Asker: 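To start, I am sharing the structure in question, which I have written as structure tokens.
The basis for the numbers below is simple: all heavy atoms, side chains too, and nothing from hydrogens, waters or symmetry mates. Order of listing sets the numbers, starting from 1, for every ligand and every atom in it. In this text, all values refer to a predicted model and were calculated from it rather than measured experimentally.
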Amino acid sequence: MPKTRVLVVEDEPTVADVVVRYLKRDGHDVEVAADGVAALRAFDSFRPDLIVLDLMLPELDGVDVCRRIRSESSVPIIMLTARTGEADRLTGFDFGADDYVTKPFSPRELAARVEAILRRTGRSAEGSSVLRHGDLRIDRGARTVTSRDEELRLTAREFDLLLVLASHPRQVFTREQLIALVWDPATAPEENTVTVHMRRLRSKIESDPSRPRYLKTVWGVGYKFEP
Ligand code: CA
């Protein structure tokens with residue numbers, strides 16, 4: 001798989017370094033530009049799949065860089081800024097940024113936003129087919145689930161059940177809804193079937209099935225996936 005290319009435009013080396021470290025950890029090819037002019041040059045030569053763009057920059061500021069890039073490309077842009085006002089936030093979106101992160105920010109949070117945008121725009125090297133939650137990696141295309149890089153043996157039904165829940169984190173599903181989504185209604189499965197499958201699924205993906213980390217029971221309602 002080709003790596004996704006992320007251009008980091010940031011004039012403060014300490015901030016740039018930490019952002020680069022996190023993005024490389026996530027498997028991206030990263031290039032840094034330390035001012036607005038260098039950013040436009042890198043945009044032409046590096047052809048990034050996503051840009052993390054600081055607002056306050058020497059030479060051209062982030063707003064100008066963003067406008068110029070937007071005039072010729074829809075590449076996702078995440079703005080970094082020390083400005084915190086709500087009006088500035090709206091202004092930020094006006095000139096074409098896809099997301100907006102206020103300094104000081106957590107690099108983990110920024111890395112998560114980068115992944116979310118890459119997934120949303122289909123630019124991720126893994127495409128939109130992989131869900132990651134904690135130790136779990138759920139590949140919709142290959143229909144595999146791994147936990148700490150170990151592949152788990154799920155039945156087709158267990159996989160579908162996990163996929164429905166994990167694709168909608170924190171959303172509570174009743175047993176009836178899960179039957180409608182996962183089972184063939186013509187076979188008229190009983191609600192107890194869901195309970196049985198959930199128990200088996202937990203025994204496979206949870207390190208302590210009696211105290212599930214991911215597959216939570218919502219008493220009197222149904223189940224939800226806790227990311
Ligand atoms: Ca700056």
Asker: Ring of F43, cation from R47 - is the NZ or CZ under 6.0 Å from the centre and inside 45° of the axis?
Answerer: yes

Asker: For F173, give me all partners under ring pair (Phe, Tyr, Trp, His ring centres under 6.0 Å), at least two apart in sequence or on another chain.
Answerer: H168

Asker: Name every donor-acceptor pair, under 3.5 Å, that has one atom in a side chain of residues 204-211 and the other anywhere in the protein, sequence neighbours excluded.
Answerer:
| residue | atom | partner | partner atom | Å |
| --- | --- | --- | --- | --- |
| K204 | NZ | R153 | O | 3.0 |
| K204 | NZ | E158 | OE1 | 2.7 |
| E206 | OE1 | R213 | N | 2.7 |
| E206 | OE1 | Y214 | N | 3.4 |
| E206 | OE2 | R213 | N | 3.4 |
| E206 | OE2 | Y214 | N | 2.9 |
| E206 | OE2 | L215 | N | 2.8 |
| D208 | OD1 | S210 | N | 3.1 |
| D208 | OD1 | S210 | OG | 2.6 |

Asker: Determine whether L80 and D54 make a side-chain contact, defined as any pair of heavy atoms from C-beta on separated by less than 4.5 Å.
Answerer: yes

Asker: Take the Ca ion (ligand 1) and tell me which protein N, O or S atoms are nearer than 3.0 Å.
Answerer: D11 OD1, D54 OD2, M56 O

Asker: Which pairs count as side chain to side chain donor-acceptor pair (under 3.5 Å) when at least one residue sits in residues 12-21, sequence neighbours excluded?
Answerer: E12-K103

Asker: Got T193 and I179 here, is their nearest side-chain heavy-atom distance under 4.5 Å?
Answerer: no

